[in-house]
Amino acid sequence: MTIVTRFAPSPTGLLHIGGVRTALFSWLYARRHGGRFILRVEDTDRERSTEAAVQVILDGMQWLGLTHDEGPYYQTRRFDRYAQVLQQLLAEGKAYHCYCSKEELEEMRNAQIARKEKPRYDGRCRERTAAVAGVQPVVRFKNPLDGEVIVEDLVHGPVVFQNAELDDLIIARSDGTPTYNFCVVVDDSDMQITHVIRGDDHLNNTPRQINMLRAIGFAPPVYAHVAMILGADGAKLSKRHGAVSVLHYREEGYLPEALLNYLVRLGWSHGDQEIFSLAELEQLFDIADVNKAASAFNPEKLLWVNQQHMMRASLPYLAGVLREQLQRLGIESDDRALLEGVVAGQRERSKTMKEMAQASRYFFVADVEIDDKTGRKHLLGDGAAMLVRLRTGLADLTHWTAPSIHDALTAIAAESGLGLGKVAQPLRVALTGTAVSPPIDVTAALIGRERCLVRLDRAQQWGAGK
RNA sequence: GCUCCCUUCGUCUAGAGGCCUAGGACAUGGCCCUCUCAAGGCCAGUACACGGGUUCGAAUCCCGUAGGGAGCGCCA
């Protein structure tokens, strides 16, 4: 049997990390078993669905590399099919028209709540044979009155529901449009979904869906309800901490494989391993190993995972990402050698690619601006004298490479009777304008002889002006 | 209120009766390395929600309690 999974977001809000994680689980599960992964957009709520939200889903999935094998399907384009199944259910007596007014239903609910009962439709229109004049009826599914439904859940194990707890839910509104639970059932059956992996807020809907699936003659799929992701403070995820569009993480300089790695570790693990490539996950991931409990989103760990991936990724790949991040800062560069050199020098001191770009301006611009406080500390007095020595010592270097620059600097330090720090810091400030950069020899090599000498001159001028 | 779900360090997790005086990771503190900042290495502190059972033995099994979450829409 071919495994078929699906990701079925509704384009009413943002595609955030919670949705991404269930998408990842579905995608991984299909990959792992050589199955198919379907993308289905549940846009039946025409009031709240937006084109922009659909685009974020599509762009986000593409950025993450969670490619679908089928779709995207849109529920709004399948209304004919839903109507067809609806007619079939009505004809077979498995669904019925309900003429109850909203006021009547409201009254019923209030009475039940007053009696401390679970509010539910009592089925009063079940046996009605005649239409009520002037009322456009809704259609309700005839749920079994007794017996039980067992949801075979891959993460929770079997979960038992009594049919008596369930009521006859509305599957078509009075305007004829189908509702969520009904569409899902028709789609899952038509698309021959074998494994439904979704948030556990749907666990309670599952027995109803199973009953409907059976009514239309489809063997229910296997379910896996995964817990939601909580905010860093343990409260429900909100815009404050992470409920932002997944594309936000791209802007912030996270690598997609790192985000995925972080997300998969929320509720899943493989021994003591923390860092996984996508290829490894395809081999190792199993939905049955996913935890039942909700987990909190930890931004610090995401940062760490991101850096781990940065330190493992290929230079050409990261150079491309750095180039994009620099563009966001208004810096253009097509110098692949420079970009790769900067990545190699900066990746162990940057948590994100955005941070790397921000800390690497001096490699790409013509001139640097010397931070006043830093300059005063390193470029005046002994520092000023060192600038002179550096200028003469570096000007005639035969080869402008990190090793030869390093040799020249240690020679200057030795003959001055100073530590390397007294030599490197003035140079660093002169070249970068700041007190922080990759190893000074590497930094100088990347900036190049011409710009280095110019910057040394400028630094001297800067000091003279103080 | 009713139904369902969940509960190991601050956080993510390992743990499927003895290997647990509970392991790893992030974060935190200290030390080492060191031209800055990092990265890396070493060390430290901190957890089985609570109460009963079952058992020679329980984080692991059972039952309660407490706490948290979800659902109960002509929303998805």
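Every chain is numbered from 1, with letters handed out A, B, ... down the list of sequences. Every heavy atom of this structure was used, including side-chain atoms; hydrogens, water molecules and symmetry mates were not.
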Novice: Of the nucleotides B:rG71, B:rA76, B:rC26, which one has an atom closest to the side chain of A:Lys301?
Specialist: B:rC26

Novice: Nearest to the A:Ala293 side chain among B:rU36, B:rA25, B:rU7, which nucleotide is it?
Specialist: B:rU7

Novice: In a check of side-chain contact (heavy atoms from CB on, under 4.5 Å) between A:Val151 and each of A:Asn204, A:Val160, A:Thr206, which one passes?
Specialist: A:Thr206

Novice: Would A:Asp190 and A:Val85 count as a side chain to side chain contact (heavy atoms under 4.5 Å, CB included) here? Give the steps.
Specialist: CA-CA 11 Å; A:Asp190 282 355; A:Val85 178; 5.7 Å; no

Novice: Could you identify the nucleotide paired to B:rG57, looking across every strand shown and requiring Watson-Crick or G-U wobble geometry with both distances under 3.5 Å?
Specialist: none

Novice: For the base of B:rA70, is there a side-chain donor-acceptor partner from A:Asp200 under 3.5 Å away?
Specialist: no

Novice: For a quick check of understanding: with a heavy-atom distance under 4.0 Å over all strands, which category does A:Asn181 fall into, base, sugar-phosphate or nothing?
Specialist: base

Novice: So does A:Ser269 get a side-chain nitrogen or oxygen closer than 4.0 Å to the phosphate oxygens (OP1/OP2) of B:rA14?
Specialist: yes

Novice: Looking only at side-chain atoms of A:Lys351, point me to the closest of B:rA76, B:rA39, B:rC74.
Specialist: B:rA39

Novice: With sugar-phosphate meaning primed atoms plus P, OP1 and OP2, does A:Tyr262 contact a base, only sugar-phosphate, or nothing at under 4.0 Å between heavy atoms?
Specialist: nothing

Novice: Can you list the steps and then say if A:Lys422 with A:Asp382 is a salt bridge (Lys or Arg N to Asp or Glu O under 4.0 Å)?
Specialist: CA-CA 9 Å; A:Lys422 294 292 182 191; A:Asp382 292 345; over 6 Å; no

Novice: Looking only at side chains, do A:Arg78 and A:Gln75 share a donor and an acceptor under 3.5 Å apart?
Specialist: no

Novice: Taking only side-chain nitrogens and oxygens of A:Ser295, does any of them come within less than 4.0 Å of OP1 or OP2 of B:rU13?
Specialist: yes

Novice: Tell me whether the OP1 or OP2 atom of B:rU36 has a side-chain N or O from A:Lys377 closer than 4.0 Å.
Specialist: no

Novice: Could you check whether A:Arg140 makes a cation-pi contact with A:Tyr121, meaning its NZ or CZ is under 6.0 Å from the centre of the six-membered ring and within 45° of the ring axis?
Specialist: yes

Novice: Does a side-chain N or O of A:Arg208 approach OP1 or OP2 of B:rU3 to a distance below 4.0 Å, or not?
Specialist: no

Novice: Is there a side-chain contact between A:Gln308 and the phosphate of B:rG40, meaning an N or O under 4.0 Å from OP1 or OP2?
Specialist: yes

Novice: So, OP1 or OP2 of B:rC2: does either fall under 4.0 Å of a side-chain N or O from A:Arg120?
Specialist: no

Novice: Atom NZ of A:Lys118 and atom C1' of B:rC2: how far apart are they, to the nearest Å?
Specialist: 6 Å

Novice: Grab the CG-P distance between A:Asn298 and B:rU28 for me, whole Å please.
Specialist: 11 Å

Novice: May I ask you to evaluate whether A:Thr44 reaches the phosphate of B:rA76, defined as a side-chain N or O under 4.0 Å from OP1 or OP2?
Specialist: yes

Novice: Quick one: look up who B:rC50 pairs with, Watson-Crick or G-U, both distances under 3.5 Å, and put none if it's unpaired.
Specialist: B:rG64

Novice: Picking from B:rA39, B:rC74, B:rC26, which would you name as closest to the side chain of A:Arg109?
Specialist: B:rC74

Novice: So which nucleotide does B:rC20 pair with, by the Watson-Crick or G-U wobble rule with both distances under 3.5 Å?
Specialist: none

Novice: For the side chain of A:Asp272, starting at C-beta, report the closest nucleotide among B:rG23, B:rA38, B:rC26.
Specialist: B:rG23

Novice: Can you work out whether A:Val138 or A:Gln307 has the more 5'-proximal nearest nucleotide on RNA chain B?
Specialist: A:Gln307

Novice: The side chain of A:Leu203 lies closest to which of these nucleotides: B:rA76, B:rC4, B:rG1?
Specialist: B:rC4

Novice: Just call it for A:Glu300: base, sugar-phosphate, or nothing, with non-hydrogen atoms closer than 4.0 Å on any strand.
Specialist: sugar-phosphate

Novice: What is the nucleic acid contact for A:Pro438, judged by heavy atoms within less than 4.0 Å: base, sugar-phosphate only, or nothing?
Specialist: base

Novice: Rounded to whole Å, please give me the gap between CG in A:Asn110 and C1' in B:rG1.
Specialist: 13 Å

Novice: Just to confirm, is there a sub-4.0 Å distance from OP1 or OP2 of B:rC6 to any side-chain nitrogen or oxygen of A:His156?
Specialist: yes

Novice: If you compare every side-chain N and O of A:Asn291 against the phosphate oxygens of B:rA14 (OP1, OP2), does one of them come in below 4.0 Å?
Specialist: yes

Novice: Pairing donors with acceptors under 3.5 angstrom, does anything connect the side chains of A:Asn205 and A:Tyr180?
Specialist: no

Novice: If pairing requires Watson-Crick or G-U wobble contacts with both distances under 3.5 Å, which nucleotide is the partner of B:rC35?
Specialist: none

Novice: Could you tell me the separation between the CE atom of A:Met228 and the P atom of B:rC12, rounded to a whole number of Å?
Specialist: 14 Å

Novice: How would you label the contact of A:Val159 with the nucleic acid (heavy atoms, under 4.0 Å): base, sugar-phosphate, or nothing?
Specialist: sugar-phosphate

Novice: Have a look at A:Lys422 and say if it touches a base, only the backbone sugar-phosphate, or nothing, with a 4.0 Å heavy-atom cut-off.
Specialist: nothing

Novice: Across the strands shown, which category fits A:Ala296 at heavy-atom distances under 4.0 angstrom: base, sugar-phosphate, nothing?
Specialist: sugar-phosphate

Novice: In the strands shown, is B:rC2 matched to any nucleotide by a Watson-Crick or G-U wobble pair with both distances under 3.5 Å, and which?
Specialist: B:rG71

Novice: What is the nucleic acid contact for A:Pro439, judged by heavy atoms within less than 4.0 Å: base, sugar-phosphate only, or nothing?
Specialist: base

Novice: Among B:rU13, B:rC35, B:rC72, find the nucleotide with the atom closest to the side chain of A:Gln425.
Specialist: B:rC35

Novice: Expressed in whole Å, how much space separates the C1' atoms belonging to B:rC48 and B:rC32?
Specialist: 34 Å

Novice: Answer with base, sugar-phosphate or nothing: what part of the nucleic acid does A:Gly419 contact at a heavy-atom distance below 4.0 Å?
Specialist: nothing

Novice: Can you tell me the base-pairing partner of B:rA25? Count Watson-Crick or G-U wobble geometry only, both distances below 3.5 Å, and say none if there is no partner.
Specialist: B:rU11

Novice: Would you indicate what A:Ile440 reaches in the nucleic acid, counting non-hydrogen atoms under 4.0 angstrom: base, sugar-phosphate, or nothing?
Specialist: base

Novice: Whole angstrom is fine here: how far is it from CZ in A:Phe161 over to C1' in B:rC2?
Specialist: 13 Å

Novice: Take the angle between the ring planes of A:Tyr249 and A:Phe297 and call it parallel below 30°, perpendicular above 60°, tilted in between.
Specialist: perpendicular

Novice: Ignoring the backbone of A:Met311, work out which of B:rG40, B:rC6, B:rG23 is nearest its side chain.
Specialist: B:rG40

Novice: Measure from CD on A:Gln112 to P on B:rU3 and round the result to the nearest Å.
Specialist: 15 Å

Novice: Aromatic rings A:His97 and A:Tyr99: how do their planes relate, parallel, tilted or perpendicular, breaks at 30° and 60°?
Specialist: tilted

Novice: Could you check whether A:Asn205 gets within reach of a base, just the sugar-phosphate, or nothing at all, counting any heavy atom under 4.0 Å?
Specialist: base

Novice: Name the closest nucleotide to the A:Lys292 side chain, picking from B:rC6, B:rC26, B:rU3.
Specialist: B:rC6

Novice: With nearest nucleotide decided by heavy atoms, which residue, A:Thr12 or A:Val436, maps closer to the 5′ end of RNA chain B?
Specialist: A:Val436

Novice: Can a donor-acceptor pair be found between the side chains of A:Thr352 and A:Asn306 at a distance below 3.5 Å?
Specialist: no

Novice: Between A:Gln209 (CD) and B:rG71 (P), how many Å, whole number?
Specialist: 14 Å

Novice: Give the rounded distance in Å between these two atoms: CZ of A:Phe182 and P of B:rG73.
Specialist: 19 Å

Novice: Kindly indicate whether the side chain of A:Ser437 and the base of B:rC37 share any N or O donor-acceptor pair separated by less than 3.5 Å?
Specialist: no

Novice: Are A:Arg6 and A:Asp188 ion-paired here, with the side-chain N under 4.0 Å from a carboxylate O?
Specialist: yes

Novice: From the list B:rG24, B:rC4, B:rA76, which nucleotide is the closest neighbour of the side chain of A:Arg48?
Specialist: B:rA76

Novice: For the base of B:rG24, is there a side-chain donor-acceptor partner from A:Glu274 under 3.5 Å away?
Specialist: yes

